[in-house]
Amino acid sequence: MSRSWLLLPMIACAGAALADPPPVHRADVERSAEAMFDRSDTNHDGILTLAEYHAALAAIVKAKGGTPTPQGWAIVDAQFAAVDQTHSGRVARAQFVDAALAHFDGADLNHDGTVTPKEARMAAKIKNKAAKAATVK
């Protein structure tokens with residue numbers, strides 16, 4: 001399966017006009033994260049830089065006929081920064097895969113190893129509610 005862990009938030013935001021995608025399985029997310037890292041690590045040094053990540057995601061967007069937006073880059077940069085906890089501008093393969101699995105696990109509300117579209121929507125609501133509560137404080 002070629003689903004990227006980055007698509008989980010998009011599942012949660014899908015409108016009623018779109019048919020629900022199939023459920024996402026943890027093992028598939030792990031394989032997809034590993035494959036994404038390997039494609040993105042262009043110099044094959046086992047470390048992903050923000051520039052490599054940008055290039056890989058820009059290529060994906062372009063292949064789908066889109067154009068990266070400033071808002072999209074802001075999300076990408078925030079995701080990368082969340083994984084790069086040492087703020088070194090470098091993310092190891094294990095960190096990248098662990099972050100994808102942690103994101104998945106946060107959406108797997110019943111902990112069965114599968115995220116359904118309903119779970120993804122519910123997890124997004126929970127996350128948004130927590131984010132709003134954090135900004136109010």
Side-chain angles (χ1 to χ4, degrees):
M1 187 176 327
S2 63
R3 262 184 222 98
S4 169
W5 64 278
L6 295 173
L7 298 179
L8 285 174
M10 289 184 228
I11 292 170
C13 297
L18 299 176
D20 279 342
V24 178
H25 305 282
R26 192 174 198 277
D28 295 329
V29 169
E30 183 172 19
R31 280 191 296 276
S32 293
E34 290 168 343
M36 178 67 176
F37 184 93
D38 293 343
R39 281 191 309 273
S40 302
D41 181 18
T42 54
N43 64 359
H44 308 291
D45 65 352
I47 299 293
L48 186 63
T49 65
L50 182 58
E52 287 174 320
Y53 195 46
H54 270 225
L57 293 178
I60 291 169
V61 170
K62 184 177 178 181
K64 294 181 183 262
T67 303
T69 65
Q71 298 88 350
W73 287 130
I75 292 168
V76 167
D77 292 347
Q79 289 173 337
F80 190 90
V83 178
D84 179 18
Q85 295 178 351
T86 62
H87 308 293
S88 65
R90 300 164 49 91
V91 173
R93 189 175 196 264
Q95 285 176 284
F96 188 86
V97 173
D98 288 349
L101 293 174
H103 183 77
F104 176 90
D105 292 342
D108 185 11
L109 300 177
N110 65 357
H111 311 292
D112 67 351
T114 300
V115 173
T116 64
K118 182 178 178 181
E119 277 181 304
R121 286 189 294 271
M122 289 173 54
K125 284 181 184 179
I126 292 167
K127 185 177 178 181
N128 288 338
K129 189 174 184 178
K132 285 180 185 178
T135 58
V136 172
K137 292 180 182 180

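In what follows, every heavy atom counts, from backbone to side chain, and hydrogens, waters and symmetry copies are set aside. One is the number of the first residue; the rest follow in order along the sequence. Computed from a predicted structure; not experimentally measured.
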task = List the atom of A56, the atom of S40, and the distance in Å for their closest heavy-atom pair.
result = CB-OG, 3.1 Å
message = Do H111 and D105 make a side-chain contact, defined as non-hydrogen atoms from C-beta onward lying under 4.5 Å apart?
response = no
key: Same cluster (ILVMFWY, side-chain, under 4.5 Å), F80 and W73   = yes
message = Quick one, V29 with V24, criterion side-chain contact (heavy atoms from CB on, under 4.5 Å). Give me CA distance, side-chain angles, the key distance, then yes/no.
response = CA-CA 7 Å; V29 169; V24 178; 3.3 Å; yes
Minimum side-chain heavy-atom gap V76-H54 below 4.5 Å = yes
task = Kindly indicate, with the supporting measurements, whether the criterion side-chain contact (heavy atoms from CB on, under 4.5 Å) is fulfilled by T114 and R26.
result = CA-CA 6 Å; T114 300; R26 192 174 198 277; over 6 Å; no
message = I'd like to check T67 versus V61 (side-chain heavy atoms, cut-off strictly below 4.5 Å). Are they in contact?
response = no
request  = Quick one: closest heavy-atom pair of A123 and A107, and the distance?
outcome  = CB-CA, 3.6 Å
ask   = Under 4.5 Å between any side-chain heavy atoms of E30 and L101, yes or no?
value = yes
request  = Kindly say whether N110 contributes a backbone atom to a donor-acceptor pair with the side chain of E119 at under 3.5 angstrom?
outcome  = yes
task = Would you check if M36 and Y53 make a side-chain contact, meaning some heavy-atom pair closer than 4.5 Å?
result = yes
ask   = Do L50 and V83 belong together in a cluster built from hydrophobic side chains that touch within less than 4.5 Å?
value = yes
ask   = How many angstroms lie between CZ in F96 and CD1 in I47, if you round to the nearest 0.5 Å?
value = 12.5 Å
inquiry  = Among D38, D41, D45, exactly one meets salt bridge (Lys or Arg N to Asp or Glu O under 4.0 Å) together with R93. Which residue is that?
reply    = D38
query = If you measure from NE2 on H25 to CG on D112, what distance do you get to the nearest 0.5 Å?
reply = 9.0 Å
message = Using only atom types and a distance under 3.5 Å, with no angle test, would you say the side chain of D108 pairs donor to acceptor with the backbone of F104?
response = no
remark   = Rounding to 0.5 Å, atoms CZ (R90) and CD (E52) come to a distance of 9.0 Å
key: Ionic contact status for R121 with D20, cut-off 4.0 Å   = yes
query = Would you say D84's side chain and V91's backbone share a donor-acceptor pair under 3.5 angstrom?
reply = no
